[in-house]
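What you see below is based on every heavy atom in this structure, not just the backbone, and it leaves out hydrogens, waters and symmetry mates. None of the values given here were measured: they were computed from a predicted structure. Every chain is numbered from 1, with letters handed out A, B, ... down the list of sequences.
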Amino acid sequence: MEDILVKIDEYIWQLPKNYKGCMLVPGRLYLNDKLVEQLEKEVLEQVANVACLPGIQKYSLAMPDCHYGYGFCIGGVAAFDEEDGVISPGGVGFDINCGVRLIRTNLTREEVQPFIKELVKTLFRNIPSGLGSKGKIKLSMGEIDDVLEEGVYWAIKNGYGWKKDVKYIEENGCIKNADASLVSDSAKKRGLPQLGSLGSGNHFLEIQYVDEVFDDRVAKVYGVEKDQVLVMIHSGSRGLGHQICADYLRYMEKAARKYGIKLPDRQLACAPINSEEGIRYFKAMNCGANYAWTNRQLITHWVRESFEDVLRIPAEDLEMDIIYDVAHNIAKREVHKVDGKLKRLMVHRKGATRSFGPGCEDIPSKYESVGQPIILPGDMGSASYLMHGTERAMEETFGSTAHGAGRVLSRAKAVKIYSSKEIKSKLESMGIYVMADSKGVLAEECPEAYKDIDIVADIVHNIGISMKVCRMKPIGVIKG
DNA sequence: ATGTGC
């Protein structure tokens, strides 16, 4: 790999434009020396392929947690000019608005620890999880259209959460330009029973405590301190987003042919941003995004109820405000500086998190002085990070950073090496109480299957595209 | 990630 990539800086590697004839811009990968050695050849190809798509700006980017994905690598960021660029479902991913929400409590680790087993059991009972899991909400086809277009406002209106919640969600939990008439009935039918469910795979709910604070000033602004208990929710748009992606991939293959777009890989099917096809996908994808935010909102509501029940705290005494909620699979219209000029772009983040710095629009006013919060979940045995957005990210990565640990072992390989039983008892010996819906998921998601989150956080911190605020460790985990 | 396939 080192003979292809050019080292620009300690953690910045360039994939030259001449690597592939069709590349319009170079690739840029943010990795340390060890991750460069381990880099999959397929990821390099995917970074190069994305660099061939019309209208791409500056670089085809890959974050330190990058790994092989559908068309675009996971951990990939690509921005396309609205005038002559494309939008691609493969650049968003199947799980539209897969993302993470972090909730703070006014409880310490010592206060929660005695209740941890009961708390995890109660959360497990109250929040449906697992493959094909169904929520507790009874929705009609008419109502799901409201969810897709109103997002979290629908949830609040129906009693799931607090009015102020929307202030601390990317896009206020309701992205504009969502048109439910562009989502197929089959996608809606899949989404109907699943609203308010965790899902499976790497989706989880964790009770964590703040293990170490790196930046007191920013931690104070975000309302976190050492030993405080936080709750992290990692979930997405379930079968609905998956179906939207599948529907539009087929549609985009035809569109790519119609507009004469040469695809280095069929999985990069796309259409011009302002074509009918491009706009339709954008409006359908936004529905998937609103569904995912609503999904995390309903889960939040049941998390609050569960804490009140188990800890026997009256609702008015329990503070469980949202710190922030980030999307890490999405394409967004944003304005960024390119060669000194402001340009309207479609920024694709697939397994990458927005990292808007201080003073940026679209971040909560409370956080304006320090930049937006970024949530970086690790694997269940280690840690997660809360970081903040930076000016450097605005200049370097279209305001983007990593999204988590990223896999190093495939699910199949992980299951061959480890058993769920041994993982559960190992975690318990570390003081982490785990409940999982399916038998195999703990082995699939074992700590050894992931990159070291400390290293991913160190790399993005050292490059300066997001900065460490604090590290959290899990004490209770729920897995799909 | 996913009613784990075209």
Side-chain angles (χ1 to χ4, degrees), chain A residues 46 65-76 88-101 128-135 139 144 183-205 233-251 253-254 266-267 269 284-285 287-289 291-293 295-296 299 326-331 348-353 377 379-380 403-416 436-446 449-450 478-480:
Chain A
Q46 293 191 317
D65 49 345
C66 61
H67 56 110
Y68 179 71
Y70 184 93
F72 292 59
C73 71
I74 293 156
S88 172
V92 171
F94 276 85
D95 191 1
I96 296 165
N97 189 5
C98 183
V100 200
R101 175 176 293 203
S129 65
L131 191 60
S133 54
K134 292 179 178 178
L139 277 185
I144 198 163
V183 175
S184 68
D185 278 355
S186 64
K188 290 176 191 172
K189 271 182 191 144
R190 284 179 73 173
L192 217 49
Q194 295 182 331
L195 189 66
S197 65
L198 199 58
S200 70
N202 76 354
H203 288 162
F204 65 75
L205 192 154
I233 299 163
H234 180 203
S235 185
S237 51
R238 312 286 286 105
L240 179 121
H242 193 273
Q243 191 63 50
I244 292 172
C245 182
D247 290 342
Y248 278 89
L249 275 169
R250 274 195 311 183
Y251 184 62
E253 266 196 45
K254 275 185 223 147
R266 271 183 66 185
Q267 296 185 349
M285 177 201 63
C287 287
Y291 179 98
W293 276 310
N295 196 32
R296 294 195 283 276
I299 293 169
V326 298
H328 58 219
N329 275 8
I330 199 162
H348 293 61
R349 296 190 185 92
K350 181 187 190 180
T353 315
D379 62 84
M380 50 189 172
H403 86 306
R407 294 196 79 91
V408 282
L409 280 182
S410 70
R411 291 177 188 285
K413 276 185 190 159
V415 172
K416 268 190 187 167
D437 178 78
S438 75
K439 276 186 194 153
V441 78
L442 291 184
E444 284 179 7
E445 294 295 317
C446 69
Y450 284 91
I478 287 167
K479 274 289 194 180

The criterion is side chain to side chain contact (heavy atoms under 4.5 Å, CB included); which residues satisfy it with [X], sequence neighbours excluded?
X         : answer
Cys73(A)  : Val43(A), Gln46(A), Val47(A), Ala62(A), Cys66(A)
Lys413(A) : Leu409(A), Ser410(A)
Ser184(A) : Ser186(A), Ala187(A), Gln243(A), Asp247(A)
Thr353(A) : Val326(A), His328(A), Ile374(A), Thr401(A), His403(A)

- Task: Could you state the atom-to-atom distance from NZ of Lys134(A) to P of dT2(B) in whole Å?
- Result: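 Whole-Å distance recorded here is 15 Å.
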
- For the pair made of CG in Asn295(A) and C1' in dT2(B), what is the distance, rounded to whole Å?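 From Asn295(A) CG to dT2(B) C1': 14 Å.
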
Table of protein N/O atoms under 3.5 Å from nucleotides 3-6 of chain B N/O atoms:
from: dG3(B); atom 1: OP1; to: Arg190(A); atom 2: NH2; distance (Å): 2.0
from: dG3(B); atom 1: OP2; to: Gln194(A); atom 2: NE2; distance (Å): 2.7
from: dG3(B); atom 1: N1; to: Arg190(A); atom 2: NH1; distance (Å): 3.2
from: dG3(B); atom 1: N2; to: Arg190(A); atom 2: NH1; distance (Å): 2.5
from: dG3(B); atom 1: N2; to: Arg190(A); atom 2: NH2; distance (Å): 3.2

Base, sugar-phosphate, or nothing for [X], non-hydrogen atoms under 4.0 angstrom?
X         : answer
Gly241(A) : nothing
Arg411(A) : sugar-phosphate
Gly93(A)  : nothing

- Task: Mind running a 4.0 Å heavy-atom check of residues 67-75 of chain A against DNA chain B and sending the residues that fall below it, in number order?
- Result: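 Listed by number, there are none.
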
- Query: Under the side chain to side chain donor-acceptor pair (under 3.5 Å) test, which residues partner Tyr251(A), sequence neighbours left out?
  - Reply: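 Here the qualifying residues are Arg280(A).
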
- Task: Please state whether the rings of Phe72(A) and His348(A) are parallel, tilted or perpendicular, taking 30° and 60° as the class boundaries.
- Result: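 Aromatic pair Phe72(A)/His348(A) classed parallel.
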
- Results of salt bridge (Lys or Arg N to Asp or Glu O under 4.0 Å) for Arg411(A) - residues two or more places apart only: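 Partners of Arg411(A) by the salt bridge (Lys or Arg N to Asp or Glu O under 4.0 Å) criterion, ordered by chain and then number, come out as Glu444(A), Glu445(A).
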
- Who are the salt bridge (Lys or Arg N to Asp or Glu O under 4.0 Å) partners of Arg238(A), not counting sequence neighbours?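 Expected list: none.
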
